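As the structure is a prediction and not an experimental result, all values here were calculated from the model.
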Amino acid sequence: MKHIYTCILILSSSLIFAQAPITLSRADFPKPTSSSPMPDSVLYTNVIGATTTSQTTKGANQMWNESSLSGTTAYQHFVAVSATPLAFQLTFFGSDYAVPLDNAFGAPGGSATMQISDAYEYYNYTSNNSRLEIKGFGANITMPGQTTAIPLPAIYSSPDILFRFPMNFGDADSNHSGFDISLPLSTFGTIGFKREQDRVNEVDAWGTITTPAGTYTTLRHRSVITRIDSVTSSFINVGFPSVITEYRWLAQSAKIPILQINETNAITSVQTYTAFKGQGPNSIATSSEKNTLIAYPNPCQNQIHIDYLLEKPGIVSMYILDVMGKRIGQFQFVKNNTGLFSEILPLEHLANGSYFIQVVAGNEKSLIPIQKK
């Protein structure tokens, strides 16, 4: 009987160990450098009008299923600060990388309001890798009736702390950030841009999540941001309050969230944004050649097509190497079946010259020389 109890205890301990939550560190997230112009480009899928329920449950050992999501694939780019507009490089000198944004300030677009372009959010790891901070953002602002954009580098008075490391289930923290800057404009006089926000973070769940790209063991990181963006001048004084709740399911070595759901409550509307770490397109390549790897057009300009035959399902990694063999870019695709596939890699951040594309699928590695003109 004693041996039976011992076996039960060992088995129970094994099950508990197998279901233990993971720990995440800085190494599980991107960290480009100035010598890598297009590192850590990660495929994701943007889902429009998705109905999700995973954000409604939290706690230990959850099982979330979002396998029915579908949408449009794109790349999440993490670029070096040196690859962003020169007007922002000095302000954010020392930041680790930047992420292109669609609308950094959150102001509405349209012919009657200011236009935002060339927007980047700037990120920085502290020297001991204990946290990931958003240092601020840079954007070009064009006011109504103006044809010349004005650069707006907005650095936070104190960093917006997104993640703390190591990250474990049950962690919680909060921080305040904001900026208040003024720009002299000939037509409008001085115009001010201000942001005040409070972020509350909590790792409120762990478990496995299934998306169309596969099943992953994750921590769920939840952020609630209470924000007011304001624009002031001699003729306008308007604020844009909002409450943004960000849910991120994070896995080891994934670089970007396996699934991210943002819920924004603003004055005029409630918006939901959903995206997941993407699955490469399952379209069959046009090449009739088998057991080969083809890159075209070669020479190329801003993108290149890669046709390849996959004999076993799994992860396919593609790396951009310079002529010295240094890795300067990477892409990852999850394939649930076999066959001949085609991917399109964006190369717009690369200078013209000679490079190599290395394709890794399981234990198989292949190398293709390419030329960008």
Chemist: For the pair F29 and F163, name the ring-plane relationship: parallel under 30°, tilted 30 to 60°, perpendicular over 60°.
Modeler: tilted
Chemist: If we count only N and O atoms by modelled type, under 3.5 Å, do the side chains of Y273 and Q260 hold a donor and an acceptor together?
Modeler: no
Chemist: About how many Å separate CZ of R199 and CG of D160, when rounded to the nearest 0.5 Å?
Modeler: 4.0 Å
Chemist: Compute whether any side-chain donor of one residue and acceptor of the other, for T210 and T215, lie under 3.5 angstrom apart.
Modeler: yes
Chemist: Is it true that the side chains of S354 and Q371 contain a donor and an acceptor less than 3.5 Å apart?
Modeler: yes
Chemist: Please tell me whether I261 and Y216 are part of a single hydrophobic cluster in this structure, the criterion being side-chain heavy atoms less than 4.5 Å apart.
Modeler: yes
Chemist: If you group Ile, Leu, Val, Met, Phe, Trp and Tyr by side-chain heavy-atom gaps below 4.5 Å, do I228 and I244 land in one group?
Modeler: no
Chemist: Can a side-chain donor-acceptor contact be found between H221 and E202 if the only test is distance below 3.5 angstrom?
Modeler: no
Chemist: Could you tell me if Y122 and T84 have a donor-acceptor pair between their side chains, going purely by distance under 3.5 Å?
Modeler: yes
Chemist: F179 and F137: aromatic ring centres closer than 6.0 Å?
Modeler: yes
Chemist: CG/L101 to CG/D118 distance, rounded to the nearest 0.5 angstrom?
Modeler: 11.5 Å
Chemist: Exactly one of E263, R222, R220, E246 should register a side-chain hydrogen bond (donor to acceptor under 3.5 Å, both in side chains) with Q55. Which one does?
Modeler: E263
Chemist: Looking at F165, is R26 sitting on its ring face, NZ or CZ under 6.0 Å from the six-membered ring centre and within 45 degrees of the normal?
Modeler: no
Chemist: Hey, can you tell me if W64 and W249 have their rings parallel, tilted or perpendicular (30° and 60° cut-offs)?
Modeler: perpendicular
Chemist: Verify the distance criterion only: is there a donor paired with an acceptor across the side chains of T23 and N168 at less than 3.5 Å?
Modeler: yes
Chemist: Are S54 and E66 close enough that a side-chain donor and a side-chain acceptor fall under 3.5 Å?
Modeler: yes
Chemist: When rounded to the nearest 0.5 angstrom, what is the spacing between CD1 in I48 and OG1 in T72?
Modeler: 7.0 Å
Chemist: Would a 4.5 Å heavy-atom cut-off, applied to side chains only, mark E343 and H305 as touching?
Modeler: no
Chemist: Is a donor from one side chain sitting under 3.5 angstrom from an acceptor on the other, for Q197 and S177?
Modeler: yes
